[in-house]
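One structure is given here, and the rest of the page talks about it.
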Amino acid sequence: MVSMLEVIKRSEGKCKYIIENRKELFKQVIEFIKGSKINEIVIVGSGSSYSTALTSMLFIEKASGIKTIAMLPNVFNNKSVYDKDALYVFVSQSGTSGLTASVASKVNDLGCHTLAICGDKDSPVAKACEMFALIGCGYEEYSYSTLGFTTSSISEMLMGVEIGLATNYLKENEYNKYIEEAIKASESNTNTIEKTLKWYEKHKEKLLKADNFIFYGGGSLWGVGNEGALKVMEITKHYLSAGYEIDDGMHGQNYCLDDRQITFALNDGKDNDKATAMMKLMKTEYHSGYMVGVNTMDEDDVALDIQTENFSNIEMLPFVQVLAYSLAVSNNTPIYTRDDPRLQKTKGKGYFNMHDATNK
């Protein structure tokens, strides 16, 4: 059986596939944008798909010059105003997220511009939208999205680059620089995986004694932290976990921090002062904090050789994925594949099927 670690290790190759085929994957969007005036991009998704939007939205806005926000489907569904000059992007790896498909159909019927980013062009979410872009991760053996998260994130970011070029917001040299960065970030994935595995083996005794895990990240790393928290909970089925935007997480949440929590500050240098302040507290008071990325503070931290300015989220994603996988293995947690019959034997409709539009 293919291990989840092997699936995570495909990220470099799959990201490169998306980069090389970006023109074809986003052909419909590129043609649409050339003849339209879009004033806003709204990315809608739930769970991991929402976290991909959090990690990509700031870069999409930077590369396209168009205001970009992320929203959860239920929040989006309760809005009162839908702008017909906006591009609504609905993200779902499987394309079966029930509410995402429903709200996509709702705004499509209102005459709004809709794009599905999915792994299946015949899925409910894809069929609800006027345009479609393939995520390009291929078949992922596990329903806990890891490879799909990475490929969704870089797909969304490349969409922003293609929109920027199509509208002449980006000059050719700026566009090429972003593509070069995307390639470097893809290649950096493998290095992050290997460094994380070595770091985990050195620190797993302490990690396994934790009650829960908290991830802090600023900018594009907020989405990475959010995803890290989700992955630790759903894959290990052993810990509570939370992800916070780095500044927001330095407010009331601080009152709960002690040596029962392992805290990670995801740091690409853009919020270095906040990350350092958080880690000084956790290292000095509770000896349970780790800096991940650049400007590490001691030999216990996770030093990563970040290669890019704009795709650092892609470079750091494997850390949270490999951490969650490693914790599950150490706790002897069964990691169910998509075809594992145990998925259908849990309470209710099954472990992963509560949101599935095709699950009647």
Side-chain angles (χ1 to χ4, degrees), residues 7-34 41 43 48-49 51-53 55-66 68 89 91 93 115-121 131-140 145-193 220-221 223-224 227 268 304-319 321:
V7 175
I8 296 169
K9 286 182 176 181
R10 293 179 196 155
S11 57
E12 178 180 342
K14 291 298 183 181
C15 285
K16 284 185 174 179
Y17 168 83
I18 294 167
I19 296 166
E20 291 168 2
N21 293 278
R22 63 191 182 277
K23 296 292 186 183
E24 182 62 29
L25 293 172
F26 287 99
K27 183 177 180 180
Q28 289 184 319
V29 186
I30 294 168
E31 292 304 313
F32 163 75
I33 287 294
K34 287 179 179 178
I41 299 171
I43 311 172
S48 290
S49 294
S51 294
T52 68
T55 200
S56 67
M57 65 178 182
L58 294 177
F59 176 77
I60 294 171
E61 186 168 287
K62 179 179 180 179
S64 69
I66 302 171
T68 304
V89 181
V91 182
Q93 182 179 350
L115 164 69
I117 299 182
C118 304
D120 182 358
K121 65 180 178 62
M131 292 176 283
F132 170 74
L134 182 68
I135 286 176
C137 66
Y139 181 73
E140 186 167 357
S145 174
T146 50
L147 179 60
F149 186 93
T150 305
T151 55
S152 294
S153 298
I154 200 166
S155 292
E156 292 164 27
M157 296 173 77
L158 291 171
M159 176 191 71
V161 176
E162 292 301 330
I163 290 174
L165 183 66
T167 60
N168 296 315
Y169 179 78
L170 288 181
K171 296 177 182 177
E172 192 73 30
N173 66 316
E174 294 172 320
Y175 171 85
N176 290 335
K177 182 181 177 182
Y178 284 142
I179 298 304
E180 289 170 6
E181 278 196 284
I183 294 169
K184 283 184 179 179
S186 302
E187 294 170 346
S188 184
N189 265 221
T190 300
N191 192 37
T192 300
I193 292 168
S220 68
L221 301 184
V224 177
E227 178 65 5
D268 59 6
L304 299 176
D305 185 18
I306 301 301
Q307 298 289 308
T308 67
E309 176 186 355
N310 296 290
F311 289 80
S312 57
N313 54 335
I314 302 300
E315 297 187 69
M316 296 181 74
L317 266 171
F319 169 75
Q321 296 169 343

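These numbers were taken from a predicted model, which means no experiment stands behind them.
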Item checked: Gln307 side chain reached by Asn191 side chain, heavy atoms, under 4.5 Å -> no
Notebook entry, point to check: For Lys121, which residues count as a side chain to side chain contact (heavy atoms under 4.5 Å, CB included) partner, sequence neighbours excluded?
Noted result: Phe132
Margin query: So, using ring pair (Phe, Tyr, Trp, His ring centres under 6.0 Å) as the criterion, who are the partners of Phe319 when residues are at least two apart?
Written below: Trp199, Phe264
Item checked: Test item: Leu58 and Ser220 side chains (from C-beta on) under 4.5 Å apart, heavy atoms -> no
Check: Would Leu25 and Ile135 satisfy side-chain contact (heavy atoms from CB on, under 4.5 Å), going step by step from the backbone distance to the final call?
Finding: CA-CA 8 Å; Leu25 293 172; Ile135 286 176; over 6 Å; no
Next item on the list: Side-chain contact test, heavy atoms from C-beta onward, threshold under 4.5 Å: evaluate it for Leu158 versus Ile179 and give yes or no.
Entry: yes
Margin query: Quick one: does any side-chain atom of Ser153 pair with a main-chain N or O of Phe149 as donor and acceptor, under 3.5 Å?
Written below: yes
Note to self: Under a 3.5 Å threshold, yes or no: a donor from one side chain and an acceptor from the other, between Gln93 and Ser49?
What the structure shows: no
Note to self: List the residues meeting side chain to side chain donor-acceptor pair (under 3.5 Å) with Glu227, not counting sequence neighbours, and say none if there are none.
What the structure shows: Ser48, Lys231
Checklist line | Set of side chain to side chain contact (heavy atoms under 4.5 Å, CB included) partners for Ile33, sequence neighbours left out | finding: Val29, Ile38, Ile163, Ala166, Thr167
Item checked: Rounded distance [0.5 Å steps], CD1 in Ile19 versus CD1 in Ile183 -> 5.5 Å
Check: What residue pairs, at least two apart or across chains, pass salt bridge (charged side-chain N to carboxylate O under 4.0 Å, His left out) with a residue in residues 164-176?
Finding: none
Notebook entry, point to check: Does Ser56 offer a backbone N or O that forms a donor-acceptor pair with the side chain of Glu156 under 3.5 Å?
Noted result: no
Check: Do Lys34 and Ile30 have side chains that get closer than 4.5 Å, going by heavy atoms?
Finding: yes
Note to self: Quick one: does any side-chain atom of Asp268 pair with a main-chain N or O of Ser312 as donor and acceptor, under 3.5 Å?
What the structure shows: no
Check: Side chains of Ile60 and Met159: does their closest heavy-atom pair fall under 4.5 Å?
Finding: yes
Margin query: Can you give me the closest heavy-atom contact between Asn313 and Leu221, atom names plus distance?
Written below: CA-CD2, 3.8 Å
Checklist line | Smallest separation among heavy atoms of Ile18 and Ile154, with atom names | finding: CD1-CG2, 4.1 Å
Next item on the list: Tell me, please, which residues at least two apart from Ala133 pass side chain to side chain contact (heavy atoms under 4.5 Å, CB included).
Entry: Phe26, Leu115, Ile117
Notebook entry, point to check: Sequence neighbours excluded, which residues qualify as side chain to side chain contact (heavy atoms under 4.5 Å, CB included) partners of Lys177?
Noted result: none
Next item on the list: For Asn310, enumerate each residue passing the side chain to side chain donor-acceptor pair (under 3.5 Å) test, keeping only those at least two apart in sequence or located in another chain.
Entry: Lys62, Glu181
Checklist line | Sequence neighbours excluded - ring-ring contact (aromatic ring centres under 6.0 Å, His included) pairs with any residue from residues 154-173 | finding: none
Check: Quick one: side chain to side chain donor-acceptor pair (under 3.5 Å) partners of Asn189, sequence neighbours excluded?
Finding: Ser11
Note to self: Between Phe59 and Phe311 (judged by ring centroids, cut-off 6.0 Å), do the two rings come close enough to count as a pair?
What the structure shows: yes
Next item on the list: For Ser188, check side chain to side chain donor-acceptor pair (under 3.5 Å) against everything at least two apart and list the hits.
Entry: Glu315
Next item on the list: Keeping to residues at least two apart or across chains, list the salt bridge (charged side-chain N to carboxylate O under 4.0 Å, His left out) pairs with something in residues 11-25.
Entry: Glu12-Lys16, Lys16-Glu187, Arg22-Glu162, Lys23-Glu162
